[in-house]
Protein chains: 2
Amino acid sequence: MQHFRSHYNSEVQMIRGGFPQPLISRTYQTSFLKQRSKAEIKVVAAKKHSEAEKRRRMRINGQYETLRTILPNLIKKDKASVLAETIKQVKELKKKVSKLEQDSCGNSSKDVVKFPSGADRLSLEKCSNEEGLVKATLSCEDSQGLMSAISRAMGSVKTKVVKAEIVSVGGRNRSVLWVQGLGNDRMGMLKSSLKIAMHKPAFKMRRSTQ
Amino acid sequence: MQHFRSHYNSEVQMIRGGFPQPLISRTYQTSFLKQRSKAEIKVVAAKKHSEAEKRRRMRINGQYETLRTILPNLIKKDKASVLAETIKQVKELKKKVSKLEQDSCGNSSKDVVKFPSGADRLSLEKCSNEEGLVKATLSCEDSQGLMSAISRAMGSVKTKVVKAEIVSVGGRNRSVLWVQGLGNDRMGMLKSSLKIAMHKPAFKMRRSTQ
DNA sequence: TGGTACACGTGACCC
DNA sequence: TGGGTCACGTGTACC
């Protein structure tokens, strides 16, 4: 405010001619009044301007404030640090989300329950985000000996199932098997072994009549 | 720069007395010189100050720039909008992450592979985020008939396993079973059935000699 | 005392 | 033309 007034005074003074005016003629006086009202208009505009600018600043600073409350572990509270931390957080969160979305081996949270396909299917796929891990997905007729058959297929290529996800519904089965320690060369072997297991489990268990 | 110079000139002029100085005494002159050098110092300081301020502005504006590149779907590029969009994004991402982390039934991506416990364990727990879904977790000795025994336990309470996650390692087994359509009243029944299945599978399968 | 951070009012620019 | 945005240099406060 102080600042503003000083600017205003110096401005009016400059308009007046920049030096003291002891006695002035009538024409000079009217001209001076005209100038003064012009200056007045200008001042009003300036005031409007500065108020608008203040509103803008407040809007922006409000955003900074909410950012400060949102961000955790914010040590330095100055604007630059807030922005820097924000950028860091956004990047981290984005990475986290994309990690979580592709979710370990492609079983995204969107398909927690993926039902067996009606048609028989078998696919092997290397996990992009885990070295030496292969994901085998199969859909086939459900039968009592199926799991044993699959186990034997696994054993035949000397691999270890690290994780399995199995859904049986309506006489159909869908199994996803994460297999560790399978060389490129033995992927084909595993595939054919699994194919056999899917279609004719080596021996069928008797259905227990409980 | 223009701006700066005008300020400088007007300041010096004011120091000089705010009006033209045609002829001045010797003492006045030395005083003037002193004033001038003082003004000079002040000007230098002001320059330093304004440069520092410029650096600060640039630092902040740089951050805005990176934010603008990071944020997708940014229509309005002004500072307030950038901040607003940033806040929105951070909030959304945070929500997304927490959603993904609790991950459907508590199998967070952090324990994709959760190994069987050495001690026998059995717990049933209602899934908070899915109505009517119960998650049964068990760790026990692995045996050939285990899965059939568990199946029978499930059948005995007329429920359906919607999803299963099974890990066998070192002769121990850890199974997580998501069970649908289990009333509060039958949770105890399922638990005791599973307990029995874990410890003495109704009949043991012969180990196939392949 | 110098360095740093902020709010301020202002001129310039753009719809 | 006016409303909005920006960069600028400055005054001020804190350490």
Side-chain angles (χ1 to χ4, degrees), chain A residues 1-16 18 35-71 73-88, chain B residues 1-16 18 35-71 73-88:
Chain A
M1 204 46 174
Q2 204 61 31
H3 191 210
F4 168 72
R5 246 202 302 268
S6 77
H7 269 246
Y8 168 50
N9 288 341
S10 66
E11 181 171 2
V12 170
Q13 195 174 340
M14 284 199 307
I15 288 162
R16 282 177 189 187
Q35 296 268 26
R36 205 180 104 87
S37 68
K38 252 190 195 171
E40 213 81 358
I41 287 165
K42 215 175 167 183
V43 161
V44 156
K47 185 168 178 158
K48 232 181 207 172
H49 183 29
S50 78
E51 276 169 354
E53 182 64 11
K54 185 172 176 71
R55 278 195 301 276
R56 175 176 164 271
R57 275 196 304 267
M58 284 176 66
R59 221 171 43 244
I60 292 176
N61 287 338
Q63 320 261 42
Y64 275 105
E65 213 40 65
T66 64
L67 273 180
R68 275 186 261 262
T69 64
I70 284 180
L71 296 178
N73 318 325
L74 200 56
I75 311 129
K76 296 200 65 182
K77 301 283 193 186
D78 66 278
K79 294 185 180 183
S81 306
V82 169
L83 288 184
E85 184 61 24
T86 304
I87 291 169
K88 221 181 89 188
Chain B
M1 205 43 174
Q2 204 61 29
H3 191 209
F4 169 72
R5 249 208 293 273
S6 76
H7 270 246
Y8 167 50
N9 288 339
S10 66
E11 181 172 3
V12 170
Q13 196 173 339
M14 283 200 309
I15 287 163
R16 283 177 187 186
Q35 295 270 26
R36 205 181 103 87
S37 68
K38 253 190 194 170
E40 214 82 358
I41 287 166
K42 214 175 168 183
V43 161
V44 155
K47 184 167 176 158
K48 229 181 209 172
H49 183 30
S50 79
E51 275 170 354
E53 181 63 11
K54 186 170 176 70
R55 278 196 300 277
R56 174 176 165 272
R57 277 196 304 266
M58 283 175 66
R59 221 169 46 240
I60 292 176
N61 287 339
Q63 318 262 41
Y64 276 105
E65 214 39 64
T66 65
L67 271 181
R68 276 186 260 261
T69 63
I70 284 179
L71 297 179
N73 319 325
L74 200 57
I75 311 129
K76 296 200 65 181
K77 301 282 193 186
D78 66 277
K79 294 185 180 183
S81 306
V82 169
L83 288 185
E85 185 59 23
T86 304
I87 291 170
K88 221 180 90 187

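Values in this document were obtained by computation on a predicted structure and should not be read as measured data.
In the set D:dA7, D:dC6, C:dA5, the nucleotide with an atom closest to the side chain of A:His49 is D:dC6. Of the candidates C:dA7, D:dG11, D:dT5, the closest approach to any side-chain atom of A:Lys79 belongs to C:dA7. The side chain of B:Lys54 lies closest to D:dC8, out of D:dT10, D:dT5, D:dC8. The side chain of B:Arg57 lies closest to D:dG9 when the candidates are C:dC6, C:dT10, D:dG9.
Between B:Gln63 atom CD and C:dA5 atom P the separation is 12 Å, expressed in whole Å. The separation between A:Asp78 atom CG and C:dG3 atom C1' is 14 Å, rounded to whole Å. Separating the NZ atom of B:Lys77 from the C1' atom of D:dG4 is a distance of 18 Å, rounded to the nearest angstrom. Residue B:Ile60 contributes atom CD1, which lies 13 Å from atom P of D:dC8 at whole-angstrom precision. Atom NZ in B:Lys42 sits about 13 Å away from atom C1' in D:dG9, given to the nearest Å. Atom CZ of B:Arg68 is separated from atom C1' of D:dT5 by 11 Å (rounded to the nearest Å). The nearest whole Å value for the distance from the NZ atom in B:Lys48 to the P atom in D:dT10 is 15 Å. At whole-Å resolution of the value, CZ in B:Arg56 and C1' in D:dG9 are 13 Å apart.
Scanning both residues, B:Gln63 and A:Ala80, for their nearest heavy atoms gives NE2-O, 3.0 Å.
Side-chain N/O atoms of A:Arg59 include one lying less than 4.0 angstrom from OP1 or OP2 on D:dT5. In this model, the phosphate group of C:dC6 is not approached by any side-chain N or O of A:Asn61 to a distance below 4.0 Å at OP1 or OP2.
In this structure, the side chain of B:Ser81 does not engage the main chain of B:Lys77 through any donor-acceptor pair within 3.5 Å.
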Q.
Quick one, B:Arg56 with B:Ile60, criterion side-chain contact (heavy atoms from CB on, under 4.5 Å). Give me CA distance, side-chain angles, the key distance, then yes/no.
A. CA-CA 6 Å; B:Arg56 174 176 165 272; B:Ile60 292 176; 4.1 Å; yes
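For C:dC8, its base never sits under 3.5 Å from the side chain of A:Glu53 at any donor and acceptor pair.
Under a 4.0 Å N-O distance rule, the pair A:Glu51/A:Lys54 does not qualify as a salt bridge.
Residue-level contact check: A:Arg55 touches neither bases nor backbone, having no heavy atom under 4.0 Å from any strand.
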